[in-house]
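In the text below, chain A, chain B and the rest are named by the order of the sequence lines, each starting its count at 1.
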Number of protein chains: 2
Amino acid sequence: MGRSRRTGPAEGGQADRREESKLALARLGAWLEERGLKHSRQRDVIVETFFAMGGHVPVDGLVARVRTLDARVSVATVYRTLKLLSECGIAVPRRFEDGQTRYEPATDRSHHDHLICTGCGRIVEFENERIEELQQRVARSHGFEVDSHKLELYGRCDRCRRAEAGTKDARS
Amino acid sequence: MGRSRRTGPAEGGQADRREESKLALARLGAWLEERGLKHSRQRDVIVETFFAMGGHVPVDGLVARVRTLDARVSVATVYRTLKLLSECGIAVPRRFEDGQTRYEPATDRSHHDHLICTGCGRIVEFENERIEELQQRVARSHGFEVDSHKLELYGRCDRCRRAEAGTKDARS
DNA sequence: CCCATGTTGATAACGATTCTCAATATCACG
DNA sequence: CGTGATATTGAGAATCGTTATCAACATGGG
């Protein structure tokens, strides 16, 4: 039932990330050349940093991190690069309830949805065939042909719930 | 399979709306008094207009409409009033992909999700028990206790698909 | 009717994102 | 290795939706 793969920015092998980063850079390069665009130092740094961070990266976080490597990259460039990445299928933008866009590395794996902890902000990915099927069915029954969807579950993760219980016990 | 009730701002009885509006106004009044707040002319106008519009009302649309009745109501007041309404459970804010908040009249009926046409913007509400159950299950299997969720299906409604097919035929 | 207190309108401020544009980097070509 | 055409950059202005500020103004209990 809903196998998950990466449970947060903190997990996932570093080696994998570097690998992903390389592939992405190559793919971006090809994509740029195809349309007569050029590549640049800052795009490379941004892509590498993005993959090094993994998980669901908020733009300002990425900017901050990138600037530890090259203090003069502008926010505009980061935004532009991220848009490029999503255009060439390397990254996917996500907008959760907090109103800021986060990007996650695109995987060739199938679509997934998110479980978001309102306590610690942890984001867990999951996929569930049955839910997708039901969505299709509901949509069709209303005459719709779905081409994308957004499913986010907000709640508290086990860690946060335990922590709460702890403080409650301590208090009483 | 997913009974829907109101399929858009254009549908739903006027009489029902006026009824809803009255109830809401009364409820708001009580709520205000409970906490020593005052009521005002503009709040009344806003609430009435809100219910007259029905459906999923974007704030700027509401402002525009309200101003046909009283040209000097400020956006700030509309925002403030809408926030009040959601605090006292009369309206519910929704944020879809277009990035602007819309409000819908809160119903005592159970939670529902949305089907959004990317062609004409039509919004259809639906509910589906099975999906909710599955969500709970998936969440639990990851140690989460869900307390809210967001499910939006984006696609083209039958009308828009037919329209597209039409233009395609005409062209070829 | 009065006054303490809540509400309003105008506008400034905000955060996230995009745009503008002059300065600069890249790259294909000679 | 230049050189020029053109893509990219950085800084800051602009935009959008929304919230905060604050003086002027309602509201309603006494």
Side-chain angles (χ1 to χ4, degrees), chain A residues 25 28-47 49-50 56-88 91-103, chain B residues 25 28-50 56-88 91-103 121:
Chain A
L25 229 34
L28 176 62
W31 193 87
L32 291 174
E33 270 162 42
E34 268 176 38
R35 42 215 95 197
L37 301 179
K38 298 171 179 177
H39 58 224
S40 73
R41 192 174 33 82
Q42 26 278 79
R43 300 226 256 235
D44 291 352
V45 182
I46 293 167
V47 172
T49 310
F50 172 61
H56 301 81
V57 185
V59 183
D60 58 355
L62 183 55
V63 171
R65 189 84 160 246
V66 164
R67 282 185 170 161
T68 63
L69 300 176
D70 179 346
R72 74 193 80 195
V73 285
S74 72
V75 275
T77 298
V78 175
Y79 275 104
R80 287 188 279 235
T81 303
L82 250 10
K83 181 176 286 184
L84 267 187
L85 292 188
S86 75
E87 278 164 7
C88 68
V92 179
R94 301 274 181 191
R95 206 144 63 278
F96 302 126
E97 292 289 73
D98 66 354
Q100 74 177 205
T101 304
R102 286 154 199 272
Y103 281 82
Chain B
L25 230 33
L28 176 61
W31 192 87
L32 292 173
E33 270 161 44
E34 269 176 36
R35 39 216 95 196
L37 302 179
K38 299 171 178 176
H39 52 227
S40 74
R41 189 175 34 81
Q42 28 277 81
R43 300 225 257 235
D44 291 352
V45 182
I46 293 167
V47 172
E48 272 161 24
T49 310
F50 172 62
H56 302 80
V57 185
V59 183
D60 56 357
L62 182 55
V63 171
R65 189 85 160 246
V66 164
R67 282 186 170 160
T68 65
L69 300 177
D70 179 346
R72 75 193 80 195
V73 207
S74 73
V75 276
T77 299
V78 174
Y79 274 104
R80 287 188 279 234
T81 304
L82 251 9
K83 181 175 287 184
L84 268 188
L85 292 188
S86 76
E87 277 164 7
C88 67
V92 180
R94 300 274 181 191
R95 236 243 240 10
F96 301 126
E97 291 289 73
D98 67 354
Q100 73 176 208
T101 305
R102 288 152 198 272
Y103 281 82

Point to revise | B/Val59 and B/Leu82: CA distance, side-chain angles, deciding distance, side chain to side chain contact (heavy atoms under 4.5 Å, CB included) verdict | key: CA-CA 8 Å; B/Val59 183; B/Leu82 251 9; 4.1 Å; yes

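Remark: of the listed residues A/Ile46, A/Thr49, A/Val57, A/Thr49 is the sole one forming a side chain to side chain contact (heavy atoms under 4.5 Å, CB included) with A/Arg65.
An OP1 or OP2 oxygen of C/dT17 is reached within less than 4.0 angstrom by a side-chain nitrogen or oxygen of A/Thr101.
Rounded to a whole Å, the CD atom of B/Gln42 is 5 Å from the P atom of C/dT8. Between the CD atom of A/Gln100 and the C1' atom of C/dC14 there is a distance of 14 Å, given to the nearest Å.
Inter-residue side-chain proximity for B/Phe50 and B/Val66 is flagged as unmet; no heavy-atom pair is nearer than 4.5 Å. For the pair A/Asp44 and A/Val47, the minimum side-chain heavy-atom distance is 4.5 Å or more. Looking at heavy atoms from C-beta onward, B/Glu48 lies out of side-chain contact with B/Leu69 at the 4.5 angstrom threshold. You'll find the side chain of B/Tyr79 stays beyond 4.5 Å of the side chain of B/Val63, heavy atoms only. For the pair B/Cys88/B/Leu28, a side-chain contact is recorded, criterion being any heavy-atom separation below 4.5 Å from C-beta on.
In terms of position on DNA chain D, the residue among B/Asp98 and A/Arg72 whose nearest nucleotide sits closer to the 5' end is A/Arg72. Nearest-nucleotide positions on DNA chain D for B/Arg102 and A/Val75 put A/Val75 closer to the 5' end.
Contact check of residues 31-40 of chain B against DNA chain C (heavy atom, cut-off under 4.0 Å) returns B/Gly36, B/Leu37, B/Lys38, B/Ser40. Within a heavy-atom distance below 4.0 Å of DNA chain D, the residues of residues 77-88 of chain B found are B/Tyr79, B/Arg80, B/Lys83. Taken residue by residue, residues 57-67 of chain A places no heavy atom nearer than 4.0 Å to DNA chain D.
For the residue pair B/Arg102 and B/Phe96, the shortest heavy atom distance occurs at CD-CD1, 3.8 Å. Here the shortest heavy-atom pairing between A/Arg67 and A/Ser74 reads NH2-CA, 3.7 Å.
Remark: the backbone N or O of A/Lys38 is paired with a side-chain donor or acceptor of A/Arg43 at under 3.5 angstrom.
A distance of 13.0 Å separates NE2 of B/His39 from CG of B/Leu84, quoted to the nearest 0.5 Å.
Residues meeting the salt bridge (charged side-chain N to carboxylate O under 4.0 Å, His left out) test with B/Glu33, sequence neighbours left out: none. Residues that satisfy the salt bridge (charged side-chain N to carboxylate O under 4.0 Å, His left out) test with B/Arg35, not counting sequence neighbours, are absent from this structure.
Taking 4.0 Å as the cutoff to heavy atoms of chain A, we find the contact window on DNA chain D bounded by D/dA5 to D/dA11.
Within 4.0 Å (heavy atoms only), A/Val73 reaches sugar-phosphate atoms of the nucleic acid but no base atom.
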